[in-house]
Each structure stands twice: as C-alpha cells, then as structure tokens.
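Read the structure below first, then the notes.
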Amino acid sequence: VGELAGTMAMVTVNLHAVTSWVGIARLFAVVLSCIAFSLVASTGDFEGSYGTWCMFTWCFCFAVTLLVLVLELLELYPKLPLSWDDFTSAFSMLAALMVFTTSVVFPSIFISSPCSSSKCARQAVATTVSFLCFFAYALEVGLTRTKPGDISSFLSTVPGLLKVFEAYVACLIFSLLEPYNLKAGLQWCVAVYSICFIITFLIIIFTIGRCLTYMPCPLEKMLVGYNTLALMMYITATVLWPFYSFQEGKRPNTCGRNCWWDKDLGVTFLTIFNLIAYLVDLVYSTRMVFIRAP
C-alpha cells in the first residue's frame, strides 16, 4: 500500500501538454477523428476493404493520439523504453498520411452524386472533418519538426520524416500489387519495393528503440550510402514497371471499377513519388554529412 501511495504521489499533471500549440493540435485531432468515425459508423455503410481501412485509420489515430496526450499530461512517457520525441514525430507524420489517404479514398468510394439523402450528408460531413483532422496532424508535424542543424531527434528532421513517407508509400504500393505471376522485370520492381521498405522500416524502428548506438558507422554516413542505393534501385523500377505493365496499350474497355490496369497505374505514380522522396532524402542526408551548421 505504501509503494502504491508513493507511486501515485509521484504522478504529476503537466497542463502544458494540452495548452501548448502541439497539445492543442493533438486535441483537435482527437476530437475530429472521433467525429469522423462516429458519423461513418452511424451510416452503417463502410463495408469492404476500403471501408474497413477508413474506419481503422480514424480509430487508430484517435486511440494513439489520446494515449500520447494522457502520457504527456501525466508525465509518464519518460518511463517508456523508447525515444519519445522520435515516436511522436513518426506517428504524427504517419497519421497525417493515413488520414489524408482516407479523406481521398472514402468519398471516392462511398459518396455518389447526387448527394441528397441524410446518409450522404453525414458521409460528406465526415469527409470534411477528416480533411480538417489531416490539417491538425500536418500542423503537429510542422510544429515538432527539428530545426536545421539539430539532429538530436532524427525522426523530427526532414530525412526522418521522409523515411516515414517512404515506408508508407511502399505499403500503398504493396496494397495495389496483384497476386499473379509477374514477369522478370516486374519481379525486380517488387524486390526493389520490398528491400527498400524493410531497410527504411528498420531505420525507423531502431531510431525509436534507441538502437542506433549499436551501428558500426554514424547514422548520417549510413543514410547517404543507403539513400544512394535506394535512389538507383527506384530509378530502375520507375522505368521497368510501366514498361512491362502497359505493353498491351491503353486501358481495356472491359475493365471494371477494380481494374488491374488502374492499380498498375497507381503503382507507377507511387513509384515516382518514392523516387522523388529518396532523391530529396539523399540531398538532405548529404547536407547533414558534408555541410555542418555553424
């Protein structure tokens, strides 16, 4: 009983966690994500993989953001065996990407024109609220981004945020891949997506888990080498994927809404997005190594 009372006495309330600009942005994200999934749940129309993804995104972001607020409010996060700044930076970036994707996917799948029913109105409001939730997470990313020259929290820097972006885009690519036998060129592209995703994901996990000290070389130099390799691999994928995927020409007239041609086109654009991300990542990583802030 004495130990329990001592532990409770040590718990303090940090009001700055909810009164700072970052805290206010998180409060808005919690409220808006809750409104979004509540409105969609009230319609009962969120079946299928896309609907499940949208509901998962809102619920997941709501739960984790609320947990972050509670841990910071009670100042319990220092007891966790992880880099808190890196974790919150990575999560806010991931949440912004997930909510943005959901805000685009949900209306394109579930809202049809003309929108005149009460159900459609609730779906439209949920979409608007979801976009506002994205802006709340984007604001948090901007507020917590580390200033140039400060690499104490790697995932708060531009290269760190790009690592989250690259991993997320790779996940989107995996979701669009069709489960059929690929040609040799396409198999190489899938290998590129997989290898780069695994290494990028490990960098994120090692950073959050404070395991970077066990690496045999400095993180900045390792990132330059890895980003150079990833950039060259993505250049080959950017060329080979559309070359082998669209040999039959334009989109078949018999293709429906869930058409393989559309998915291959989506993979093409996402590959280009990641190519640009790795290029920008390489530029910033090179500056971190060779151009030191005074």
Side-chain angles (χ1 to χ4, degrees), residues 48-54 56-57 93-111 127 130-131 134 138 158-159 161-204 223 226-285:
S49 57
Y50 291 111
T52 303
W53 161 256
C54 294
F56 168 77
T57 296
M93 183 64 176
L94 176 63
L97 294 170
M98 292 176 66
V99 173
F100 177 77
T101 305
T102 298
S103 302
V104 174
V105 169
F106 180 77
S108 64
I109 298 296
F110 293 96
I111 298 181
T127 301
S130 185
F131 271 111
F134 158 70
V158 173
L161 296 174
L162 284 171
K163 283 286 171 281
V164 180
F165 177 85
E166 291 154 5
Y168 181 74
V169 171
C171 290
L172 293 181
I173 291 175
F174 295 144
S175 70
L176 294 176
L177 295 177
E178 290 286 347
Y180 52 73
N181 294 326
L182 300 175
K183 300 174 184 177
L186 298 180
Q187 290 178 357
W188 163 253
C189 294
V190 174
V192 169
Y193 304 142
S194 302
I195 294 172
C196 293
F197 168 76
I198 292 172
I199 298 176
T200 300
F201 182 72
L202 288 176
I203 291 174
I204 295 172
L223 287 177
Y226 165 63
N227 289 331
T228 302
L229 176 62
L231 179 63
M232 292 189 295
M233 294 174 68
Y234 259 90
I235 289 175
T236 63
T238 303
V239 175
L240 293 177
W241 183 268
F243 176 78
Y244 283 101
S245 297
F246 304 114
Q247 288 183 337
E248 298 180 6
K250 62 180 183 179
R251 187 179 190 272
N253 296 327
T254 56
C255 244
R257 188 171 187 177
N258 195 28
C259 180
W260 61 267
W261 195 92
D262 296 337
K263 292 183 177 181
D264 287 346
L265 183 63
V267 172
T268 301
F269 279 105
L270 291 173
T271 302
I272 295 173
F273 292 159
N274 247 4
L275 172 66
I276 297 173
Y278 277 110
L279 175 60
V280 176
D281 198 351
L282 176 61
V283 172
Y284 270 91
S285 300

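Both backbone and side-chain heavy atoms feed into the values below; hydrogens, waters and symmetry mates do not.
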(message) Suppose we screen for ring pair (Phe, Tyr, Trp, His ring centres under 6.0 Å). Which residues come up paired with F56, at least two apart in sequence or across chains?
(response)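 Partners of F56 under the ring pair (Phe, Tyr, Trp, His ring centres under 6.0 Å) test: F60.
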(request) Kindly write out the residues that satisfy ring pair (Phe, Tyr, Trp, His ring centres under 6.0 Å) with F100, not counting sequence neighbours, or none if the list is empty. (result)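 F100: ring pair (Phe, Tyr, Trp, His ring centres under 6.0 Å) contacts with F134.
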Could you work out, with side-chain hydrogen bond (donor to acceptor under 3.5 Å, both in side chains) as the rule, every residue matching [X], not counting sequence neighbours?
X: S175; answer: none
X: S103; answer: S130
X: T127; answer: none

(request) Take atom CZ of F201 as the centre, draw a 6.0 Å sphere, and report whether it contains more than 12 heavy atoms from other residues, nucleotides or ligands. (result)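 Atom CZ in F201 is not crowded, with 12 or fewer foreign heavy atoms closer than 6.0 Å.
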(message) Taking CZ in F174 as the centre, count heavy atoms belonging to other residues, nucleotides or ligands within less than 6.0 Å. Is the count above 12?
(response)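 Atom CZ in F174 is packed in, count exceeds 12.
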State which residues pass side-chain contact (heavy atoms from CB on, under 4.5 Å) with [X]; sequence neighbours excluded, sorted by chain then number.
X: A167; answer: F197, T200, I204
X: L161; answer: M93, V141, R145
X: V239; answer: none
X: I198; answer: L202

(message) Side chains of Y226 and S285: any donor to acceptor distance under 3.5 Å?
(response)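 Result is no, nothing qualifies.
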(message) Can you see whether T101 engages Y168 through a side-chain donor-acceptor pair at a distance of less than 3.5 angstrom?
(response)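 There is such a pair between these side chains.
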(request) Using a 4.5 Å cut-off on heavy atoms from C-beta on, say whether the side chain of K263 contacts that of L177. (result)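 Contact flag for L177/K263 side chains = no.
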(message) Going by salt bridge (charged side-chain N to carboxylate O under 4.0 Å, His left out), name the pairs with one or both residues in residues 229-240, residues two or more places apart or in two chains.
(response)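 Those involving residues 229-240 do not exist here.
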(message) Applying salt bridge (charged side-chain N to carboxylate O under 4.0 Å, His left out) as the test, list every pair that has at least one member in residues 269-278; sequence neighbours left out.
(response)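 Every pair satisfying salt bridge (charged side-chain N to carboxylate O under 4.0 Å, His left out) with a residue in residues 269-278: there are none.
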(message) Before you tell me yes or no, could you show the steps for S108 and Y50 under side chain to side chain donor-acceptor pair (under 3.5 Å), namely the whole-Å CA-CA distance, both residues' side-chain angles and the distance that decides it to 0.1 Å?
(response) CA-CA 10 Å; S108 64; Y50 291 111; over 6 Å; no
Using residues 229-236 as the side-chain source, report each donor-acceptor pair under 3.5 Å to any protein atom, sequence neighbours left out, with the distance given to one decimal.
{"from": "Y234", "atom 1": "OH", "to": "N274", "atom 2": "ND2", "distance (Å)": "3.0"}
{"from": "T236", "atom 1": "OG1", "to": "W188", "atom 2": "NE1", "distance (Å)": "2.9"}
{"from": "T236", "atom 1": "OG1", "to": "M233", "atom 2": "O", "distance (Å)": "2.5"}

